[in-house]
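Working notes for the structure below.
So that the names make sense, note that chain A is the first sequence line, chain B the second, and so on, each numbered from 1.
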Amino acid sequence: MTTFNVFRYDPAIDKCPKMETFDVKNERGMTVLEGLFYILENLDPTLCFRSSCRAAICGSCAMHINGQYRLACRTQIEHLKSDTVTVRPIAHSEIIKDLVVDMTNFFANLEKIKPYIINEGPFPEREFLQSEGERKGLDHLIDCILCGCCYGACPSAGTDEDYLGPHALMKTLRFINDPRDKGGKERLAFVSSENGVFRCHTVFNCQEVCPKDLDPSSAIARLKMKAVWNTLKNLVS
Amino acid sequence: MLKHDVLIIGGGLAGLRAAIEAAKNNVDVAIVSKIHPVRSHSGAAQGGINAALANNENSKDDTPEKHAYDTTKGSDFLADQDAVELMTSLAPETIFETDHWGCPYSRTANGKIAQRPFGGAGYPRTCYAADKTGLYLLHTLWEQTVKHHIKVYEEWMVVDLIVQDKVCYGVMAIELRTNQLQPIAAKAVIFATGGAGRVYGRTSNALTSTGFGMALPYIAGVPLKDMEFIQFHPTAIIGKHILMTEGCRGEGGYLVNNKGERFMKNYVSEKIMELAPRDIVARSIQTEINEGRGIGGQQFVHLDIRHLGEQKIMERLPGIRDICMDFLGVDPIKEPIPILPAQHYTMGGVAANKNCETEVEGFYAAGECACVSVHGANRLGGNSLLETIVFGKIAGKYAGEYVKGIDLNTEHSSYKNFTNKMNGFMNRLYESTGNEDPYRIKKDLNDCLDENVGIFRTEEKMKKAVETVKQLKERYRKIRKVKKTSSFNQDVVWILELEGNLLAAETIAAGALARKESRGSHSRTDYAKRNDAEWMKHTLAYYTKEGPRLEYSPVAVTKFQPEERKY
């Protein structure tokens, strides 16, 4: 048996959140997500959490588990090396119910950076030709699954909901690095604005918690350099 | 009342592609999805997407016609060849479009989209973006819907399809955040709701791929076609059944039994080996296991990619390595991967023609939930992503044109009728006096399908499955009371989905029991041969309260006459 300590809150009924304890029959290899399903199916069908792929690719089940942001589906209970599993929702977002948070702001910030190729054509008849080097420039930047672990862990996102956040900034670099994109200057100007890269205080939380081992901190640092360089160039010319 | 011209249900690849296309007609388009679009199961697709681009040095004389032939042969001649030809001829342009929108495909040395060999294909034809092709495509198409300001009802669950007198008027939906049930009126509805993998317990599919999106049209009178054809992917990891892409074998991976033998040589020619179509590889692995040649005599064999070397694995199969490390604690650079076949894909689905139209006016279906039919009795790897974007686009085009001549009357009687019907259903859940546990029913259903309608099938087992599903449906009517909550009632969601599971399952079991032959993925030990004289036809399952009524329809044959399927 493993003890699950689960954050519960229904804003329609509860005055304040509480932690609730459940005994979960733990089988070898069981993940935290499976533990939550055990609770839902056997102990309390009102428990709320998001899930879908259960294979660490859809980004639904990001939660705060035993002190760290993780994907519940990717986290095996025995790897936590603890008799207790404590599960809380992602921070910096309004709680809808229990472990389900409102991600409207997370996605709204992403949409602000124009998260699509800016290129109105004309397009080649076939694919764009892209050298292996050019394609390598996108490596890792394209692997974000938008789970929100970095956003929850980011102190800047916590103090300012208009801060674009690590996910949106890394996505910006993904487009700037793509030769098919024509929005480079516009993008750099946008992330240089007050809610952009300079609001990042480089505490590396995003890099530390990313369940896909990505490095938004370094993407932001590279954007900062590009932004400064761009500003200098504009001053000179 | 909420209303739109074209309403698309499902935010995966087919749904997103349909939305982008429908919006080109200057009509009001919206997507309804029970999860955020980027959470869709399309994102789990790994290996790639097929098109005769002739980019690989070994595929210079590849053509859409050869792609069509391979697809038809792979389907064991059950696919409709006019639909297959349409798909393979549109494949190149549809893929180039996604490149123009930014899909980060891997590249050849001369900068073109890279292609790898896949099972059952005469040439390296599978375009790939490392081993996360589905994820990148999904994000790329979602990005386009952001660009075009397409409205998405995120986390709204469609719970009924409003159809009266064979005309579709919209859907009934629950906004999960508020638990409010309401109709959404639409001139045309496109279902792009994905597969029914979770009918099985051993499946590679997401928890959300329940088949509910097939069950709703089925209840509304649209037949489900060829549901007995269930694809078992040869290589899923043991325990969690997460997919190991066919790309592992496309890049040169081996399948090995307990003697260290590459056993595929005993089943297909030495030229083909691990790259036979999925139905054949899955049967071969299952035979090895059944005959005691699993590793340590257990229920798995090894997928070995060590000889590809660290560099190639990290470059082309990085996601595979992550999955192995995360879920098995195995590093495939150093150790072989323990795998077994698992349910992976529903070849059948909502019966639709090659314009994605159905028997109900104004109702369309595309992607895995539909059966057009391009996969017939066995789908080739790399053709499912292709189907989603080609037929998503086609559904969007035809629905977008159709709505121009239609008036929407929100006073129509159907909205009130369906609101009352659904409210009645919900109240019965909230006030039930039954004592059946829905999750126990789900477990029993999964066990039943795993055991009785698997890779190798017999009359006796399938009869048992038909009978068990019937009993489970009875138990479903006596489900215990559901607690009313103000938002995100997951219990309600899973209970509704369970009805979808049960209805999809009854069509799978009934179709399989009736089909007295072996074809593609449907492999019977009591009727081991394909029987074209009697069974070269599509199964159509129509909903009745007593269970599915089966009818049959002819297969469209254009260029390729049925022949013995040898590899």
Side-chain angles (χ1 to χ4, degrees), chain A residues 10-13 29 31 37 40-42 45-60 74 76 96-98 100 102-104 107 110-111 114-117 119 121 123-132 134-135 138-139 142-146 174-175 178 180-181 212-213, chain B residues 35-36 38-41 43-44 53 55 92 95-97 99-102 104-113 129 132 134-136 139-140 142-144 146-147 154 177 204 206-208 239-240 242-243 318-319 322-323 326-327 437-439 442 482-483 485-491 494:
Chain A
D10 183 349
I13 308 170
T31 63
F37 268 106
L40 171 80
E41 293 175 2
N42 300 289
T46 66
L47 179 65
C48 277
F49 52 93
R50 288 191 178 101
S51 66
S52 183
C53 77
R54 62 80 177 97
I57 199 73
C58 80
S60 299
R74 183 179 175 256
Q76 290 188 28
I96 297 176
K97 189 164 183 288
D98 300 338
V100 175
D102 184 351
M103 295 191 79
T104 309
F107 280 106
L110 177 62
E111 294 189 17
K114 299 192 178 173
Y116 45 82
I117 287 278
N119 188 339
F123 296 108
E125 205 172 298
R126 292 176 56 99
E127 69 269 58
F128 282 104
L129 295 181
Q130 205 175 61
S131 72
E132 281 180 72
E134 288 170 333
R135 172 59 182 75
L138 308 181
D139 274 357
I142 50 180
D143 288 335
C144 173
I145 58 171
L146 299 171
R174 172 254 176 276
F175 287 110
D178 195 323
R180 295 170 290 190
D181 187 79
K212 303 309 281 184
D213 292 327
Chain B
I35 50 181
H36 188 285
V38 301
R39 315 280 183 232
S40 303
H41 191 50
L53 302 187
N55 282 355
I95 287 173
F96 293 144
E97 209 164 45
D99 175 69
H100 300 159
W101 293 340
Y105 289 105
S106 299
R107 299 284 159 171
T108 63
N110 53 12
K112 295 178 178 175
I113 293 173
K132 296 182 186 170
L135 177 74
Y136 300 147
H139 281 234
T140 303
W142 175 70
E143 289 160 10
Q144 287 299 306
V146 172
K147 180 180 176 186
E154 280 163 28
R177 182 165 189 165
S204 69
L207 303 167
T208 41
K240 308 283 182 212
I242 298 171
L243 182 69
D322 284 348
I323 292 169
D326 289 350
F327 294 95
D437 173 3
Y439 303 105
K442 173 87 186 280
V482 172
K483 199 171 166 195
T485 65
S486 56
S487 71
F488 259 88
N489 198 329
Q490 262 204 114
D491 196 31
W494 290 117

Going by distance alone, is a donor N or O of one side chain under 3.5 Å from an acceptor N or O of the other, for A:Asp10 and B:Ser486? yes
Under 4.5 Å between any side-chain heavy atoms of B:Glu154 and A:Thr104, yes or no? no
Sub-3.5 Å donor-acceptor pair from the side chain of A:Arg135 to the main-chain atoms of B:Tyr105, do we have one? yes
At a heavy-atom separation under 4.5 Å, does B:Lys240 approach chain A through its side chain, its backbone, both, or neither? both
Most contact-rich option vs chain B, by heavy-atom pairs under 4.5 angstrom, among A:Ser131, A:Ser60, A:Cys144, A:Ala56, is A:Ser60
Which atoms of A:Leu138 approach chain B - backbone, side chain, both or neither, heavy atom under 4.5 Å: side chain
Examine whether an atom of B:Leu135 lies under 4.5 Å from a heavy atom of chain A, and if so say whether it belongs to the side chain, the backbone or both; otherwise answer neither. side chain
Under a 3.5 Å distance rule, please check whether B:Gln490 uses its side chain to pair with a backbone N or O of A:Leu47 as donor and acceptor. yes
Would you mind checking which part of A:Pro11 comes under 4.5 Å of any heavy atom in chain B, side chain (CB onward), backbone (N, CA, C, O), both or neither? neither
So A:Asp143 and B:Tyr136, side chain to side chain donor-acceptor pair (under 3.5 Å) or not? Walk me through it. CA-CA 8 Å; A:Asp143 288 335; B:Tyr136 300 147; 2.3 Å; yes
Side chains of A:Leu146 and B:Arg39: does their closest heavy-atom pair fall under 4.5 Å? yes
Side chain / backbone / both / neither for A:Glu134 at chain B, heavy atoms under 4.5 Å: neither
Do you know which of A:Gly29, A:Pro115, A:Gly121, A:Cys53 has the most heavy-atom pairs with chain B at a distance under 4.5 angstrom? A:Pro115
Counting C-beta onward and ignoring hydrogens, is there a side-chain heavy-atom pair between B:Val38 and A:Phe107 closer than 4.5 Å? yes
Please list, chain by chain and in numerical order, all residues satisfying side-chain hydrogen bond (donor to acceptor under 3.5 Å, both in side chains) with B:Thr485, sequence neighbours excluded. B:Asn489
Engaged part of B:Lys132 at the chain A interface, taking heavy atoms whose separation is under 4.5 Å: side chain
With only heavy atoms counted, which part of A:Phe49 is less than 4.5 Å from chain B, the side chain, the backbone, both or neither? both
My understanding is that only residues two or more places apart in sequence, or in another chain, count here; which of them pass side-chain hydrogen bond (donor to acceptor under 3.5 Å, both in side chains) with B:Asp99? A:Arg180, B:Arg107
Could you tell me whether the side chains of A:Gln76 and B:Asp326 share a donor-acceptor contact shorter than 3.5 Å? no
Can a donor-acceptor pair be found, under 3.5 Å and without considering hydrogens, that links the side chain of B:His100 to the backbone of A:Arg126? yes
